[in-house]
There are 2 protein chains.
Amino acid sequence: MVRRIINEACGERERAERRAAIRSGRIGASLTTGLHARAITASRRSPEPPCPCARSRSRIGDRRMRPERGKDGTMGSRVTAQQVADLAGVSRSAVSRCFGDGQVSEETRRRIMAASQTLGYRPNAIARSLTGQNTGLIALLLAEIDNPYIDLVLKKLLLAIAEADKRALVIPETRQHDLTGSTMHALDYQADAIVVLGGTVSDHVVEQLRGLDTPVFQFGRQGGGLGGVACDNEMGGRMGGRFLVQSGRRRIAYITKAAATDANRRRRAGFAAALEAAGLPVLEGVAQDNGFEGGYQAATRLFSAPEPPDALFCFNDIMALGALQAAATFRLRVPEDVAILGFDDIPMAGWPAFGLSTVRPNLDLQIGKLMAMLLEIYEGAPARRTVDLVQPDLVVRRTAA
Amino acid sequence: MVRRIINEACGERERAERRAAIRSGRIGASLTTGLHARAITASRRSPEPPCPCARSRSRIGDRRMRPERGKDGTMGSRVTAQQVADLAGVSRSAVSRCFGDGQVSEETRRRIMAASQTLGYRPNAIARSLTGQNTGLIALLLAEIDNPYIDLVLKKLLLAIAEADKRALVIPETRQHDLTGSTMHALDYQADAIVVLGGTVSDHVVEQLRGLDTPVFQFGRQGGGLGGVACDNEMGGRMGGRFLVQSGRRRIAYITKAAATDANRRRRAGFAAALEAAGLPVLEGVAQDNGFEGGYQAATRLFSAPEPPDALFCFNDIMALGALQAAATFRLRVPEDVAILGFDDIPMAGWPAFGLSTVRPNLDLQIGKLMAMLLEIYEGAPARRTVDLVQPDLVVRRTAA
DNA sequence: CTGAAAGCGCTTACAG
DNA sequence: CTGAAAGCGCTTACAG
């Protein structure tokens with residue numbers, strides 16, 4: 001055992017005296033006394049001879065080279081709970097309880113709120129995170145950064161997270177099979193959960209993420225033992241295939257990039273099943289990429305064949321738009337000569353210029369389910385391990401009817 | 001003065017003894033001794049009779065209901081610097097220095113790195129933020145959430161921020177004239193800087209942000225006394241106008257939504273100046289919105305007039321695409337009958353389907369300049385107060401030549 | 001180069 | 001309901 005002598009108690013005593021004074025009405029809790037309170041605090045912090053902490057304080061105060069108080073009287077976020085406590089004549093604990101979910105008397109709450117108002121106090125979320133139950137941060141791992149569908153997902157998710165009063169730490173992950181150092185750093189912020197957006201990330205990365213002690217969810221991706229939500233891609237493929245078959249098409253092609261992402265495999269499987277049920281083969285349309293050019297070129301190749309297809313089902317809308325352009329180049333009438341069907345229902349698909357028929361994932365429902373899973377962990381529930389599949393809708397516009 | 005007796009020193013002594021043992025070679029710094037070290041730590045934390053902190057610890061340990069050690073041997077991020085220090089036989093300070101920019105001897109660094117490796121230690125960024133110079137967080141205030149150009153900006157900025165080893169806290173701001181509570185909360189995370197993306201946010205919001213003690217920058221917006229970067233919109237407007245004039249157009253319209261955003265005002269001013277220099281008037285094309293439909297309808301109205309324009313300069317590419325569609329509806333040849341010019345050069349503009357001529361902001365240069373400003377504040381420089389204008393380029397494709 | 005101590009701004013049992 | 005104390009996981013002068 002060792003005894004240590006701590007000399008900050010004088011400040012404590014001053015504070016207690018002041019509290020008594022405020023309560024007895026000898027001093028009012030006004031801005032003026034607030035300044036007074038600050039003077040007391042300061043004297044506590046740097047007794048003569050000036051103690052080391054004074055040096056340290058000023059350095060930190062300096063670090064952003066801004067005054068403690070804004071020119072317009074609003075305070076910067078440097079006001080601390082102690083300052084509020086001093087001005088209100090209560091303890092720091094009371095202030096904490098008042099801003100947290102603790103019990104505070106009406107009178108105390110009133111004083112604290114008034115003081116906070118005056119000083120412009122807002123609790124430091126970082127300090128809160130260090131000691132509290134959670135950080136309020138949700139890390140969004142953006143795997144497919146140039147997928148316009150993911151753009152949509154990201155925006156809706158950002159809105160939903162803000163709505164739930166959480167914060168989004170957005171991390172662009174440029175590697176597919178490993179985590180970048182930048183991502184690792186972002187993960188050091190103790191996010192309450194991680195959401196992997198998009199289907200291109202490898203199972204290995206998912207495995208790495210599972211090694212962390214943070215719940216991980218996936219959006220638009222299945223497998224890897226992670227919970228999450230996804231569009232029922234197989235169902236979507238089946239819906240598309242069935243629709244084309246029923247509208248009398250016989251030479252039906254599926255256009256996609258060769259790479260076997262999970263979403264692609266499933267859409268294709270459902271599609272193939274639908275054609276097979278009708279005794280039809282799947283014509284192959286291989287694209288260089290999953291973008292406009294890819295769709296354009298794959299369709300061009302198909303249209304140049306001796307027996308061109310009478311229907312195209314494209315892995316996504318952008319490719320379908322490329323295919324649409326190819327059809328125009330070949331002077332094919334859409335949908336009379338060739339039906340074109342996309343997937344995703346990006347905003348552009350609905351533009352009158354295109355009138356693209358497509359399979360629309362129920363994005364809002366997916367986001368809703370994901371948010372529910374996310375919020376469950378704040379209730380102390382263990383992270384889900386299953387992927388919730390959400391059924392898409394067929395949107396019939398002009399390009400396939 | 002008050003004397004306080006602190007009983008944690010026993011743990012300290014044990015630690016010191018152990019350090020000596022490790023150094024003298026009596027114990028090796030292996031995984032096994034690592035577990036041993038943890039046992040010591042544990043005994044320090046809960047001496048018999050079990051002290052209160054044991055309770056508190058277990059609660060916090062429980063809070064995520066995960067074991068201290070993953071099934072595959074990887075550690076969760078719950079390993080602390082103290083554990084590494086114990087295993088390496090050094091002080092917590094040494095570990096901190098090793099992961100920070102402090103001075104550490106080669107041997108010490110080796111031991112610490114080995115121990116960290118074994119335990120899977122990564123410094124807790126939140127704790128670091130609380131005590132360190134900065135948080136490494138950059139708040140991105142996303143004002144125009146459905147502007148596809150801002151999508152592009154956001155992605156590039158996310159990449160640049162990750163590249164600079166900073167983290168992006170992305171905040172969707174749905175209100176134009178005030179900050180939402182959600183945004184206020186996000187700002188409580190002590191971001192090192194705030195970047196306002198997009199031009200639609202009001203000066204009042206900018207004023208509120210300036211009240212915080214965090215440097216604020218703006219992207220694609222001028223005024224309000226905030227530093228930042230923006231496309232030289234006036235110059236862009238002038239380039240567009242001059243180009244149309246020089247290609248022989250005489251009845252030139254400017255299409256935009258009536259609302260007077262800053263970018264709109266400037267583009268229009270430059271454009272009008274170019275036409276005026278040629279003695280030409282600006283034909284007005286008023287749109288409902290700044291999207292595809294808006295462009296389509298405004299163009300439709302212009303084409304229906306007794307003397308339709310022979311050139312359209314649109315506020316942005318999406319509107320220009322709408323106008324292009326309107327031209328097709330009117331069976332107008334582009335560019336022979338009517339030239340169409342956009343602004344932004346979104347990826348779609350370059351698709352062969354459109355071949356949209358447009359004014360291209362130099363996005364990479366803008367991002368580069370913004371990042372430079374952002375990084376300056378980490379050097380202790382005061383936030384810049386001026387907006388750097390970056391000159392755009394004219395991209396001539398098929399719709400105006 | 002190194003360790004002990006103090007501190008960052010909060011929260012949370014604990015004991016009134 | 002309230003305050004004093006301990007603690008969250010780090011960093012950083014300070015004094016060797």
Side-chain angles (χ1 to χ4, degrees), chain A residues 2 4 6-9 12 15-16 19 23 45 51-57 59-61 63 77-85 89-109 112 121-133 135 188 190, chain B residues 2 4-9 12 15-16 19 23 45 51-57 59-61 63 77-85 89-109 121-133 135 188 190:
Chain A
V2 155
R4 245 192 312 158
I6 295 188
N7 68 353
E8 70 184 52
E12 284 297 337
R15 247 190 258 139
R19 255 198 305 265
R23 285 209 179 115
R45 277 175 183 150
C51 82
C53 54
R55 170 97 128 271
S56 137
R57 285 271 174 173
R59 214 196 60 68
I60 288 174
R63 88 187 188 218
S77 39
R78 325 222 96 261
V79 185
T80 83
Q82 186 62 68
Q83 291 173 42
V84 172
V90 299
S91 72
R92 201 160 76 244
S93 322
V95 175
S96 175
R97 281 187 209 105
C98 187
F99 280 88
D101 45 7
Q103 306 272 334
V104 208
S105 74
E106 227 8 89
E107 166 63 6
T108 302
R109 163 156 279 129
I112 292 175
Y121 172 71
R122 314 206 92 229
N124 177 332
I126 291 285
R128 224 166 191 182
S129 298
L130 188 56
T131 181
Q133 306 293 326
T135 58
D188 292 336
Q190 322 288 75
Chain B
V2 155
R4 245 191 315 157
I5 293 164
I6 295 189
N7 69 354
E8 71 183 53
E12 283 297 337
R15 245 191 260 137
R19 255 199 305 266
R23 286 210 178 115
R45 278 178 182 147
C51 82
C53 54
R55 171 98 127 271
S56 137
R57 284 274 175 172
R59 214 197 60 69
I60 288 175
R63 86 188 189 219
S77 40
R78 325 223 96 260
V79 185
T80 84
Q82 186 62 66
Q83 290 173 43
V84 172
V90 299
S91 72
R92 202 159 76 245
S93 321
V95 175
S96 175
R97 280 188 209 103
C98 188
F99 280 88
D101 45 6
Q103 307 272 335
V104 208
S105 73
E106 226 11 89
E107 166 63 5
T108 302
R109 163 156 278 129
Y121 172 71
R122 315 206 92 231
N124 177 331
I126 292 285
R128 227 169 188 178
S129 298
L130 187 56
T131 180
Q133 305 293 325
T135 59
D188 292 337
Q190 322 288 74

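In what follows, every chain begins at residue 1, and chains take the letters A, B, ... in the order their sequences are listed.
Nearest approach of A:Ala85 to A:Arg92, heavy atoms of both residues: CB-N, 3.7 Å. Residue A:Gln103 comes nearest to A:Arg97 through the heavy atom pair O-CD, 3.7 Å, listed as atom of the first residue, atom of the second, then distance. Of all non-hydrogen atoms in A:Ala94 and A:Thr108, the two that sit nearest each other are CB-CG2, 4.3 Å. When all heavy atoms are compared, the tightest approach of B:Tyr121 to B:Val79 is CD1-O, 3.4 Å.
Rounded to a whole Å, the CZ atom of A:Arg128 is 17 Å from the C1' atom of D:dG7. The nearest whole Å value for the distance from the CD1 atom in B:Ile126 to the P atom in C:dC10 is 14 Å. Counting to the nearest Å, the P atom of C:dG9 and the CD atom of B:Gln190 are 9 Å from each other. Counting to the nearest Å, the P atom of D:dT12 and the CG atom of B:Leu130 are 12 Å from each other. Summarising the geometry, the separation between CZ on B:Arg92 and C1' on C:dT2 is reported as 14 Å, rounded to the nearest angstrom. Spacing between atom CG of A:Asn124 and atom C1' of C:dC8 amounts to 9 Å, rounded to whole angstrom units. Computed from coordinates, the B:Arg122 CZ to D:dG9 P distance equals 17 Å when rounded to whole Å.
The stretch residues 99-107 of chain B does not touch DNA chain D, since none of its heavy atoms comes less than 4.0 Å from the strand.
The line from CZ of B:Arg122 to CG of A:Asp188 is 4.5 Å long, rounded to the nearest 0.5 Å. A:Ile126 contributes atom CD1, which lies 8.5 Å from atom OG1 of A:Thr135 (distance to the nearest 0.5 angstrom).
At the phosphate of D:dG3, OP1 or OP2 sits under 4.0 Å from a side-chain N or O atom of A:Ser91. Contact annotation: B:Gln133 side-chain N/O to D:dT12 OP1/OP2 distance is under 4.0 Å. Contact annotation: A:Thr131 side-chain N/O to C:dC10 OP1/OP2 distance is not under 4.0 Å.
With both ends at atom P, the span from C:dA5 to C:dC1 equals 23 Å, rounded to whole Å.
In DNA chain D, runs of at least 3 stacked Watson-Crick or G-U pairs (N1-N3 plus N6-O4 or O6-N4, or N1-O2 plus O6-N3, all under 3.5 Å) give these stems: C:1-3 with D:14-16, C:5-12 with D:5-12, C:14-16 with D:1-3.
For B:Arg97, whose side chain is taken as the heavy atoms from C-beta onward, the closest listed nucleotide among D:dT2, D:dT12, D:dG3 is D:dT12. The side chain of A:Ser96 approaches C:dT11 more closely than any other nucleotide in the set C:dT11, C:dC1, D:dC10. Of the candidate nucleotides D:dC10, C:dC10, D:dT12, C:dC10 has the atom nearest to the side chain of A:Pro123.
Nearest-nucleotide positions on DNA chain D for A:Ala94 and A:Ala127 put A:Ala94 closer to the 5' end.
With sequence neighbours excluded, the residues forming a side chain to side chain contact (heavy atoms under 4.5 Å, CB included) with B:Glu106 are B:Arg109, listed by chain and number.
A donor-acceptor contact shorter than 3.5 Å links the side chain of A:Ser129 to the backbone of A:Ala125.
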